[in-house]
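What follows is a set of notes on a single structure, which appears directly below.
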Amino acid sequence: MTTPSTTLIKDSVRTEELLVNMGPQHPSTHGVLRLLVRTDGEMIKETWPHIGYLHRCFEKICESVTYVQSVPYVDRMDYLASMNNGMGLCMAYERMLDVEIPKRVDYLRVITSELNRVASHLMAMGTFGLDLGAITPFMYIFREREIITSILEKISGGRLLFHYSRIGGVYRDMDSDIAHDIRSFIKTFREMYVEYDELLSQNAIFVNRAANVGVITAEQAIGWGLTGPCLRASGIDYDIRRKKPYAHYEDFDFDVIVGKAWKGSLGDCYDRYYCRMLEMLESVKIIEQALEGLPQGEIQADLPKVVRLPKGEVYYAIENPRGELGFYIVSDGKPNAYRVSARAPSFCNLSITHELGHDVLVADVIAIVGSIDIVLGEVDR
């Protein structure tokens with residue numbers, strides 16, 4: 001669509017501004033996201049993200065089914081990190097129930113959610129490379145990701161939507177074979193990580209496409225409510241696992257990865273990418289420690305068959321691969337929630353797109369959206 005306005009530049013060539021729809025079918029929009037961009041040649045003057053094409057109706061569904069029945073639905077929000085999602089919702093319910101959770105349950109949840117974090121970051125790395133024209137890393141990441149999904153399938157029965165965390169416990173215990181598989185994966189992953197780093201992180205073309213692009217200052221990150229790697233890449237040391245520990249994360253020694261302007265400006269697309277790369281190494285450190293110190297005990301707390309939360313409200317948040325995933329729950333004492341609202345990190349992180357998507361090249365918008373690492377299932381929750 002052509003706007004009436006034109007621009008006269010010094011060599012007397014007249015250019016026209018266009019409103020162009022990018023998506024929702026465009027692969028670089030990472031799902032059914034539509035970007036409406038106002039272009040002047042190859043320059044983008046303004047970007048508006050349009051959402052709502054993949055509505056999961058999660059919150060309304062949770063108000064219509066029992067607490068136990070609602071847990072599987074949260075897996076479908078961030079389908080690349082369903083272990084983390086199920087863990088977060090169950091812990092929100094458990095906070096209201098004020099029930100003592102066996103320590104073994106917390107450790108099993110940590111192990112599985114950190115494995116899922118690695119799988120999610122691998123996908124973020126592969127798709128970001130694909131956005132910028134690097135096809136090979138996207139093929140490579142499935143090599144390790146398939147190992148992770150096979151391990152999680154053994155313990156949960158699923159390969160994408162795991163439904164492993166249950167209110168008060170987990171679905172299945174971990175045996176020695178699964179523990180052996182996890183240790184073997186960690187050894188393999190550390191060897192392959194060097195290959196990823198050389199293949200993509202040090203690639204001159206990739207660095208030029210990502211460094212100094214889409215810079216988010218610390219003030220902008222806080223002002224727009226960013227969390228997770230998008231926040232930490234801008235120099236903010238905030239990770240819920242460290243600041244507000246849950247599931248005995250205080251037992252583990254790991255570093256919170258904060259952006260350091262590795263190849264360009266602090267808070268650029270490269271920093272957001274590399275934060276996720278380094279976080280994978282911290283996740284495997286946590287998994288090793290959890291396996292080594294896995295306590296004996298039950299895998300389910302003593303709860304009635306029909307779970308009823310006491311009257312009241314709670315907000316509980318965990319650190320999922322994309323940032324702060326929080327659940328606000330209001331109970332009126334019935335077997336189902338009166339109100340449920342999810343604080344989805346992808347939705348909040350995506351809000352800065354309009355702020356970043358002006359006076360940049362068309363190709364830069366692709367890099368910016370890819371570096372935010374959104375999952376539309378939780379944007380349109």
Side-chain angles (χ1 to χ4, degrees), residues 78 80-88 90-91 101-125 141 144-145 147-152 154-156 162 164-165 170 173-174 176 178-194 196-197 227-229 231-233 237-258 274-297 299 316-325 345 373:
D78 184 350
L80 294 179
S82 59
M83 279 290 186
N84 305 76
N85 284 22
M87 176 183 182
C90 287
M91 295 189 78
I101 304 301
K103 192 173 183 179
R104 186 175 180 86
V105 169
D106 282 335
Y107 271 54
L108 289 173
R109 286 175 173 175
V110 166
I111 291 169
T112 52
S113 65
E114 291 302 323
L115 279 170
N116 209 172
R117 191 184 310 275
V118 174
S120 177
H121 282 351
L122 281 172
M123 183 64 77
M125 182 199 78
I141 62 106
E144 275 67 60
R145 190 175 180 275
I147 300 174
I148 295 175
T149 52
S150 294
I151 292 169
L152 296 181
K154 285 184 179 180
I155 199 169
S156 71
F162 302 108
Y164 180 63
S165 283
V170 292
D173 204 351
M174 179 182 295
S176 57
I178 295 175
H180 176 268
D181 290 345
I182 295 173
R183 290 189 174 96
S184 297
F185 161 74
I186 291 174
K187 182 177 183 296
T188 301
F189 177 76
R190 285 203 169 107
E191 294 171 354
M192 295 299 102
Y193 181 87
V194 177
Y196 290 135
D197 206 42
T227 54
L231 175 67
R232 293 189 288 273
D237 184 0
Y238 183 78
D239 188 314
I240 299 176
R241 296 173 296 175
R242 177 61 54 78
K243 298 298 183 182
K244 300 176 183 177
Y246 57 92
H248 295 281
Y249 266 104
E250 65 274 14
D251 294 351
F252 309 119
D253 177 31
F254 66 98
D255 295 326
V256 175
I257 304 300
V258 179
Y274 208 58
C275 270
R276 296 185 184 95
M277 287 289 290
L278 296 178
E279 279 186 7
M280 290 192 288
L281 295 178
E282 299 306 310
S283 288
V284 297
K285 282 169 55 177
I286 293 171
I287 295 166
E288 283 181 320
Q289 294 171 66
L291 281 174
E292 188 65 28
L294 185 63
Q296 298 298 316
I299 62 166
Y316 196 85
I318 68 165
E319 186 78 27
N320 98 337
R322 268 148 279 281
E324 179 177 334
L325 173 67
D373 184 29

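Source: prediction; values computed, not measured.
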Taking every non-hydrogen atom, the tightest pair across Arg117 and Ser283: CD-OG, 3.4 Å
Pairwise distance CG(Asp237) to CG(Leu231) - rounded to 0.5 angstrom: 9.5 Å
Set of side-chain contact (heavy atoms from CB on, under 4.5 Å) partners for Ile240, sequence neighbours left out: Tyr238, Lys244, Tyr246, Ala317, Glu319, Glu324
side-chain contact (heavy atoms from CB on, under 4.5 Å) partners of Val284, counting only residues at least two apart: Val118, Ile186, Phe189, Arg190
Sub-4.5 Å side-chain heavy-atom contact between Tyr196 and Leu122: yes
Derivation and outcome, side chain to side chain contact (heavy atoms under 4.5 Å, CB included), residues Ile151 and Ile147: CA-CA 6 Å; Ile151 292 169; Ile147 300 174; 4.1 Å; yes
Heavy-atom closest contact (Cys275 atom, Ala233 atom, distance): SG-CA, 3.7 Å
Distance in Å, Tyr164 OH paired with Ser113 OG, rounded so as to fall on 0.5 Å steps: 10.5 Å
Minimum-distance pair of heavy atoms, taken over all atoms of Ser165 and Met87: OG-CA, 3.6 Å
With sequence neighbours excluded, residues passing side-chain contact (heavy atoms from CB on, under 4.5 Å) with Asp373: Ala124, Arg276, Arg322
Side-chain heavy-atom pair Asn116, Phe162 within 4.5 angstrom cut-off: yes
Gap between atom CG of Asp181 and atom OG of Ser176 - 0.5 Å precision: 9.5 Å
Side-chain heavy atoms of Leu80 within contact of Arg145, under 4.5 Å: yes
Any side-chain heavy-atom pair of Arg241 and Glu282 under 4.5 Å: no
Separation between CD1 of Ile287 and CD of Glu114, rounded to the nearest 0.5 Å: 6.0 Å
Mutual orientation of the aromatic rings belonging to Phe254 and Tyr249 [parallel < 30°, tilted 30-60°, perpendicular > 60°]: perpendicular
Distance (rounded to the nearest 0.5 Å) between Glu292 CD and Leu294 CG: 10.0 Å
Stepwise side chain to side chain contact (heavy atoms under 4.5 Å, CB included) check, Met174 with Leu291: CA-CA 10 Å; Met174 179 182 295; Leu291 281 174; 3.7 Å; yes
Heavy-atom closest pair, residues Ile141 and Met123: CD1-CA, 4.0 Å
Euclidean distance, Ile111 CD1 relative to Ile178 CD1, rounded to 0.5 Å: 10.5 Å
Glu191, CD: over 12 other non-hydrogen atoms inside 6.0 angstrom: yes
Heavy-atom pair of closest approach, residues Asp106 and Ala247: CG-CA, 3.7 Å
Closest non-hydrogen atom pair between Gln289 and Asp251, with its separation: OE1-O, 4.3 Å
Asp78 and Asn320 side chains, donor-acceptor separation under 3.5 Å: yes
Within-4.5 Å side-chain heavy-atom neighbours: Lys285 and Asp255: yes
Test applied, side-chain contact (heavy atoms from CB on, under 4.5 Å); reference residue, Val110; option that passes from Val105, Ile286, Leu115: Ile286
Pair Arg232-Ile257, side chain to side chain contact (heavy atoms under 4.5 Å, CB included): steps then yes or no: CA-CA 7 Å; Arg232 293 189 288 273; Ile257 304 300; 5.6 Å; no
Asp173/Arg104 ion pair, N-O < 4.0 Å: yes
Check: Glu144 and Thr188 side chains under 4.5 Å, non-hydrogen atoms: yes
